[in-house]
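Counting from 1, the numbers follow the sequence of the chain as shown.
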Amino acid sequence: MGLLVAAALVAMPLTASAQPKGQPKEINLDEPETPAEGTEPVEAPAAPAEGGETTGLGDICAIDPTACPTINLEKEAAKDLKNETYAVQQIYALRYHRFEVNPYFGLTMNDQFVGHNGPGLAVNWYLTNVLAIGVNGNWYGALNTPSDFNFQTSRAARVGEPITEYQWNANANFTYVPAYGKFAGFSDFIFHYDFFVLGGVGAISTRPMAVVDPDNRTFDWKPKLSFHVGGGLRIFFNRWFAAMFEVSDYIFFDELENPSVDKTNPQDKSTWLAEGKSFTNNVQAQVGLSVFLPFSWEYRLPK
């Protein structure tokens, strides 16, 4: 008996029957629901065009006029397009097995009493694309100039500050390029750059400038062992020409003038120098150009 009742319930179609007020309404899944009296049927959304896109933007413009596109599509489509395509290259300026010739001018950064400015030249040979060996040299000559601060201090305190002048400097260096990249500038022009660090050993020729007793003292040039550390930035304008900015520190032990004078024998040279040596850092900013030779090359692998 129970099985017959269950079968009858399954076979019975789902139809909407009159329900007492306040009772849930049954839904007939076989027939669409008719709208209530006094209401208009809701139109179904427009079927998407072929490819899944709706036709027209009328609905958007009707709902929110501010969101309606105002662009003239026909006018925009008629404009000329740039056919150039920029692609990421392997390396813009290869350094492997190329010479770098780097003329520059150095400016003293840390000596407030005297300036040691002068031209310089560096030549590097890149063993790999990031490692190079080379030499550099600076010529100071007659370009050493005491500063106004030194003059004002000496006149106010009536005490001469011992200062030195440089003649030349030469070093053998190792250079390493840890990073390189590019940036955009001047509209669509792309600049390539790299950072480099270096270190080396060399010699520098210096002598004290006679300040305490210039009437009797005259010093000779003496070369001294020096160490060179630094780092800088190159910005390439093409594959062989770049602008360079570098900060270098030339480290050495220097000799200074003796601030006291032996009045009994002021011309005794053994009394002209101060006891001991002064640890000196000559930090200078070097601004110049880099030229890579040969001017062109070929990639071993296709781009």
Side-chain contact test, heavy atoms from C-beta onward, threshold under 4.5 Å: evaluate it for [X] versus [Y] and give yes or no.
X      : Y      : value
Asn265 : Thr271 : no
Tyr126 : Leu94  : no
Phe292 : Phe241 : no
Val247 : Val283 : yes
Trp125 : Arg98  : no
Phe236 : Asp194 : yes

State whether the side chain of [X] and the backbone N or O of [Y] hold a donor-acceptor pair below 3.5 Å, judged by distance alone.
X      : Y      : answer
Thr280 : Ser278 : yes
Arg217 : Asn258 : yes
Arg207 : Trp221 : no
Asn171 : Asn173 : no
Arg239 : Phe295 : no
Trp272 : Val261 : no
Asn102 : Val291 : no

Are [X] and [Y] in one and the same hydrophobic cluster, where Ile, Leu, Val, Met, Phe, Trp and Tyr link if side-chain heavy atoms are under 4.5 Å apart?
X      : Y      : answer
Trp240 : Leu293 : yes
Leu143 : Leu107 : no
Phe99  : Leu127 : yes
Val123 : Phe174 : yes
Phe219 : Phe113 : no

Tell me the closest heavy-atom pair linking [X] and [Y], and the distance in Å.
X      : Y      : value
Ser226 : Ala203 : OG-N, 3.4 Å
Leu225 : Phe252 : O-CB, 3.3 Å
Glu255 : Lys224 : N-CE, 4.1 Å

Within a radius of less than 6.0 Å around CZ of Phe105, do more than 12 heavy atoms belonging to other residues, nucleotides or ligands occur?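 Counting other residues, nucleotides and ligands, CZ of Phe105 exceeds 12 neighbours.
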Please say which of Asn117, Asp111, Asn110, Asn138 ends up in a side-chain hydrogen bond (donor to acceptor under 3.5 Å, both in side chains) with Gln284.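 Only one option passes, and that is Asn138.
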Name the one of Thr164, Asn144, Asp254 that satisfies side-chain hydrogen bond (donor to acceptor under 3.5 Å, both in side chains) with Thr206? Asp254
For the atom pair [atom1] ([X]) and [atom2] ([Y]), what is the distance rounded to the nearest 0.5 Å?
X      : Y      : atom1 : atom2 : answer
Tyr176 : Phe196 : OH    : CZ    : 14.5 Å
Tyr140 : Ser205 : OH    : OG    : 11.0 Å
Phe245 : Arg234 : CZ    : CZ    : 14.0 Å
Gln286 : Tyr104 : CD    : OH    : 4.0 Å
Glu100 : Leu289 : CD    : CG    : 11.0 Å
Asp262 : Asp268 : CG    : CG    : 6.5 Å

Do Asn282 and His116 have side-chain atoms, one donor and one acceptor, less than 3.5 Å apart? no
Are Arg95 and Tyr180 in a cation-pi contact, defined as NZ or CZ under 6.0 Å from the six-membered ring centre and within 45° of the axis? yes
Please tell me whether Tyr166 and Tyr250 form a close aromatic pair, meaning their ring centres lie under 6.0 Å apart.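 No, the ring centres sit 6.0 Å or more apart.
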Evaluate side-chain contact (heavy atoms from CB on, under 4.5 Å) for Val229 paired with Val197, printing each intermediate quantity in order. CA-CA 8 Å; Val229 293; Val197 293; over 6 Å; no
